[in-house]
Amino acid sequence: MEMNHSHDMSVTLSGVHLDNPVIPASGCFGFGYGMSEFYDINILGSISFKGTTREARYGNSLPRVAECEAGMINSVGLQNPGIDAVIAEELPKMREVFHKPIIANISGFSIDEYVECCAKIDREEQVAIIELNVSCPNVHGGGMSFGTCCDSVAEVVREVKKVITKPLYVKLTPNVTDIVAIARSAEEAGADGLCLINTLLGMRIDIRTRRPVIANKMGGFSGPAVFPVALRMVWQVSRACSVPVIGCGGVSSASDVIEMMMAGATAVEVGAANLRDPYACKEIIESLPAEMDRLRISALRDIIGVAH
Amino acid sequence: MYKKNIYTVLRNEQIAPKTWVMVLGGDTQYLTAPGQFVNIAVDGKYLRRPISLCDYDDHSITLLYDVVGEGTAIMSRAKVNDTFDVLTGLGNGFWIEKEYRHPLLLGGGIGVAPLLRLARDLKDAGQNPVVALGFNTSADVVLADDFEALGLETYVSTADGTRGVHGFVTDILKGLEAGSYDYYYACGPTPMLRAVAQTVPCDGQLSLDERMGCGFGACMCCSIETTRGSKRVCKEGPVFRKEELIWK
């Protein structure tokens, strides 16, 4: 069999070079250093760290997780130590084990909070991209409520852009009527890129106790089951917008990465798969070259949006 | 340290109406203490099943598990020589407090499992724990003979009174002389742990049981609030000091 020995997996997000397009999604990899006990995480393209807010948050009551066919529902509720502790304690620990550009996932409950957190994280050298989380389904009065309306997305993007120097990517929720309208509105307000999708609002009921499994009743559904939904939205948004798109949702294999890129993603985030198998990203990255050979792809960037 | 590996089923048998014992052969170098758990990938189920170590040696892991849902039902149908993808070495287990001479081991239901290895480790450390095991009914009683075989004073309670003390594990303690114990190690359902923490008048360690997402600290699905900030049951736990826990 003829082998293609040149495997160029590198991609560029708004001037940020990644050795490969595989990025653990926010909330599924902590701040990286815990996962480095499993493998050398420097093989990753980047890491999107745990969604961070101004104040420390404990998050929602337990149970926070429910299993589903080909996926899971979580309702963690943005548990994080707060932006100052992230900068003082988490980033230094992350820096010890991960020597590549990182993506800072920032969430909030008001425009002021997003602006303050983004301004602070923008000054951190390791941070290459700020990912604005306007799509968390597990908190009230923040997170997703900003991401379901064109005007509020535009407003938060405009205000944050005033105080940062790094590229701003907006992470979008699929829980909207028209994701293209939201994406366009983020782009027009100055977003440098988009990341989609966050989790789908879902629910399970324990039929023995007749009560919702999750204490918060509803939560974010993710895992392989949502891949076709995510892929469809990436395809729609990347056709409608000119900024780069990070594809996220149910990605579990090298072929999923390739399919997501063909739909229009420049890079790909892997979420729930890390929770089932802590080696998921490593196995995806290591199997990409063979998959590229099989499909006669010499440079991954060549396939971005080829299915349009 | 923890690691993913493939393990071979050496034994998988029902030992009580809803309880099975599974012995897995494979690498055990990452197991460091009783109270740690493994996380088992089950075909057809997205999340792994976290199961406490009951015992282990250089090449095998013994697990006791209740069949409570589809995932554990799939496990119960595994045959000798079948294989499982397992993460081992997860969580912080029990540690032996050497200054106490008369520990109690308090187990409820399937929570008795991690206490067996702990009992042997305590014996090896020169301590002879008193063992109190609680079950719903006599048919559910497991491991009592194994504790007795270690030569330990072992009591059983059943909620329906069909064996031993009628009532809960805490009712067994009412029959013990005051001062006959000075520390405890407990594992069982949450109501039992709450009762133990609130009524047993000495310090101790408790192993919690919470619904987990990943089992290795990444998802924060099993975080609890403690007196020392939030902690992940899977990562900082599942064993906590009594004074760390907050009972609502």
Side-chain angles (χ1 to χ4, degrees), chain A residues 24-25 27-35 37-39 50-51 56-81 85 138 206-208 213-215 219 221-225 250 252 271-280 282-283, chain B residues 1-6 30 38-50 68-72 74 84-91 190 208-238 245-248:
Chain A
C28 300
F29 218 73
F31 290 86
Y33 54 85
M35 300 299 284
E37 293 182 47
F38 287 108
Y39 63 92
K50 174 72 186 155
R57 286 178 54 81
Y58 164 64
N60 294 330
S61 299
L62 270 51
R64 295 174 171 183
V65 61
E67 193 172 36
C68 305
E69 201 66 38
M72 60 181 284
I73 294 175
N74 88 83
S75 179
V76 172
L78 287 174
Q79 180 176 353
N80 78 93
N138 292 322
D206 182 330
I207 58 174
R208 287 168 295 191
V213 172
I214 284 183
F221 178 37
S222 62
S252 311
N274 293 296
L275 307 181
R276 173 177 167 82
D277 189 338
Y279 297 91
K282 179 177 193 281
E283 286 167 8
Chain B
M1 272 299 285
Y2 25 79
K3 199 83 183 169
K4 181 177 81 165
N5 250 314
I6 301 299
Y30 299 102
V38 301
N39 218 357
I40 304 182
V42 178
D43 279 348
K45 289 284 147 189
Y46 193 65
L47 297 172
R48 290 169 185 263
R49 265 56 191 168
V68 291
E70 293 171 24
T72 42
I74 294 168
F84 283 101
D85 168 331
V86 183
L87 293 170
T88 65
L90 299 171
T190 304
L208 303 193
D209 184 19
E210 289 291 350
R211 238 173 228 272
M212 292 177 183
C214 63
F216 44 84
C219 69
M220 319 298 277
C221 283
C222 63
S223 292
I224 56 163
E225 287 178 286
T226 74
T227 56
R228 295 170 188 167
S230 74
K231 307 246 179 182
R232 296 161 291 186
V233 171
C234 72
K235 181 81 174 174
E236 284 79 34
L245 298 172
I246 299 167
W247 301 97
K248 286 172 187 156

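Remember, predicted model here, so these are calculated numbers, not experimental data.
- The line from CG of A:N74 to CE of B:M220 is 12.0 Å long, rounded to the nearest 0.5 Å.
- Counting only heavy atoms from C-beta outward, the side chains of B:Y46 and A:C68 never approach each other to under 4.5 Å.
- Two residues are said to be in side-chain contact when any heavy atoms from C-beta on lie closer than 4.5 Å; B:L87 and A:P278 meet this criterion.
- Here the CD1-SG distance, from A:I73 to B:C221, works out to 11.0 Å after rounding to the nearest 0.5 Å.
- The greatest number of non-hydrogen atom pairs below 4.5 Å with chain B, out of A:S75, A:P224, A:A66, is found for A:P224.
- Other residues, nucleotides and ligands contribute at most 12 non-hydrogen atoms within 6.0 Å of the CG atom of B:D43.
- Rounding to the nearest 0.5 Å gives a distance of 6.0 Å between CD of A:E69 and NZ of B:K45.
- A heavy-atom distance below 4.5 Å is found between the side chains of A:D277 and B:R48.
- The number of heavy atoms from other shown groups lying within 6.0 Å of CG (A:N60) is above 12.
- The shortest distance between side-chain heavy atoms of B:V233 and A:L62 does not fall below 4.5 Å.
- The heavy-atom pair separating B:A218 from A:L275 by the smallest distance is CB-CD2, 3.9 Å.
- Within a 6.0 Å sphere centred on CD1 of A:I207, other residues, nucleotides and ligands contribute 12 heavy atoms or fewer.
- In this structure, the portions of A:A272 lying under 4.5 Å from any heavy atom of chain B include both its backbone and its side chain.
- A:Y58 contributes a side-chain N or O that, together with a main-chain N or O of B:S223, makes up a donor-acceptor pair within less than 3.5 Å.
- Atom CE of A:M72 sits about 5.5 Å away from atom SG of B:C219, to the nearest 0.5 Å.
- Contacts of B:K235 with chain A are made by side-chain atoms alone, with heavy-atom separations under 4.5 Å and no backbone atom involved.
- Contacts of B:E210 with chain A are made by side-chain atoms alone, with heavy-atom separations under 4.5 Å and no backbone atom involved.
- Taking the charged nitrogens against the carboxylate oxygens, B:R211 and A:E67 have no contact shorter than 4.0 Å, which rules out a salt bridge.
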